[in-house]
2 protein chains.
Amino acid sequence: MNYSQQRNCILEIVMSDPIHPTAEQVYEKARLKYPNISLGTVYRNLNQLSEHGILKKICSSYGSVRFDGRTDAHFHMICKDCQRVFDVELGEMLGLEDKLMDKFGFQVSEYEISIQGVCCDCKK
Amino acid sequence: MNYSQQRNCILEIVMSDPIHPTAEQVYEKARLKYPNISLGTVYRNLNQLSEHGILKKICSSYGSVRFDGRTDAHFHMICKDCQRVFDVELGEMLGLEDKLMDKFGFQVSEYEISIQGVCCDCKK
DNA sequence: ATTAAACTTGAGAATGTTTATCATTTTTCT
DNA sequence: AGAAAAATGATAAACATTCTCAAGTTTAAT
């Protein structure tokens, strides 16, 4: 990857704010600095950055893909209504439902662990 | 929810085959029995069934949403290449990476736990 | 510094997925 | 059987994401 101002700006936007933005939200923020930046550029760079492991993609089966600048081990708590993504630390997983209700007032309805990688067929 | 033949067929398709199909895949199968069924009907019913907790939506940030007829506790292993979704039993999580490599030849690159529910703002 | 190759961009078209609309049909309840 | 509620098929619309390509940047080697 060569350096580019736009990619740098996009990275900073995602890194500096824990809102787990969608591509559209990154676009809106990036336009403040680069009014002519195109949405395609934002998508292209978000994907490149996550392919390089610098950002992480977060999926939620409701609404758009989101991006996370935190790459250390933590979990995500996703509101089915407003679709915001909240961080959950490892320790908060013990006694999950009660703890999340006490701490965040978050009513857990289900959780899902997904493991990503390459299957034996595709490795060939 | 009233009874409908089409919804019943859709439910059976998802329940009877562990491929974790996309809406499009369900549509193709449903057309064998109901050649005039519309894709909209498939989406409508898959969403209704998962809102009622009868099916589960699976997201993967690559490709389309998928649906799962299994509602007991288990995890998903998603190939970043072909995007198929494989089931992982609870026990297989202990010694995760080595075990999944031994058993499935699956190269883990990252995993993500996401908790879904309703946040304190939206509960109002 | 100049230059060529590789990379990146903005603009917009194209694709793909999912939802909404609505007249008609099916199901449910009496 | 008949009215009300729900579901359907067809299609349009909305939304999210990727692709294309000419023009502009960055890089590394002269």
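Letters A, B, ... mirror the listed sequences (proteins, then strands); counts begin at 1. Keep in mind it's a predicted model, so treat the numbers as computed, not measured.
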Could you write out each protein N or O paired with an N or O of nucleotides 13-18 of chain D at a distance under 3.5 Å?
residue	atom	partner	partner atom	Å
D/dA16	OP1	A/S64	OG	3.3
D/dT17	OP1	A/V65	N	3.3
D/dT17	OP2	A/Y43	OH	2.6
D/dT18	OP2	A/N47	ND2	2.9

Distances under 3.5 Å between protein N/O atoms and the N/O atoms of nucleotides 2-6 of chain D, please, pair by pair.
residue	atom	partner	partner atom	Å
D/dA6	O4'	B/N2	ND2	3.1

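In this structure, CG of A/N8 is placed 11 Å from P of C/dT9, rounded to the nearest angstrom. Following rounding to the nearest Å, B/Y34 (OH) and D/dA10 (P) show an atom-to-atom distance of 15 Å. Whole-Å rounding puts the B/I37 CD1 to D/dT11 P distance at 16 Å. Separating the OH atom of B/Y3 from the C1' atom of C/dC29 is a distance of 18 Å, rounded to the nearest angstrom. C/dT18 atom C1' lies 15 Å from atom CD1 of B/I10, rounded to whole Å. In this entry the distance linking NZ of A/K33 with C1' of C/dG10 reads 18 Å, nearest Å. As rounded to whole Å, 14 Å separates atom C1' of D/dT26 from atom CD of A/Q48.
At a threshold of 4.5 Å between non-hydrogen side-chain atoms, the residues B/K29 and B/P21 do not count as touching. Contact check for B/E24 versus B/S64: no side-chain heavy atoms found under the 4.5 Å cut-off. Residues A/H76 and A/D68 meet the side-chain proximity criterion, which asks for heavy atoms closer than 4.5 Å. Between A/L90 and A/F75, the closest side-chain pair of non-hydrogen atoms falls below 4.5 Å.
Among the atoms of the strands shown, base atoms are found under 4.0 Å from some heavy atom of A/T41.
Under the 4.5 Å side-chain contact rule for hydrophobic residues, B/L11 and B/V65 share a cluster.
For D/dT25, the OP1/OP2 oxygens have no side-chain nitrogen or oxygen of A/Q6 closer than 4.0 Å. When the side-chain nitrogen and oxygen atoms of B/S38 are compared with OP1 and OP2 of D/dT11, none of them lie within a distance under 4.0 Å.
Within 6.0 Å of the OH atom in B/Y111, the count of heavy atoms belonging to other residues, nucleotides or ligands does not exceed 12. Remark: B/K123 NZ is packed, more than 12 non-hydrogen atoms of other residues, nucleotides or ligands lying under 6.0 Å away.
The pair A/K57-B/E110 does not count as a salt bridge, with every side-chain nitrogen at least 4.0 angstrom from each carboxylate oxygen.
Closest approach of A/V42 to A/I10, counting heavy atoms only: CA-CD1, 3.8 Å.
Nearest-nucleotide mapping onto DNA chain C: of B/Q5 and A/N45, the residue sitting toward the 5' end is A/N45.
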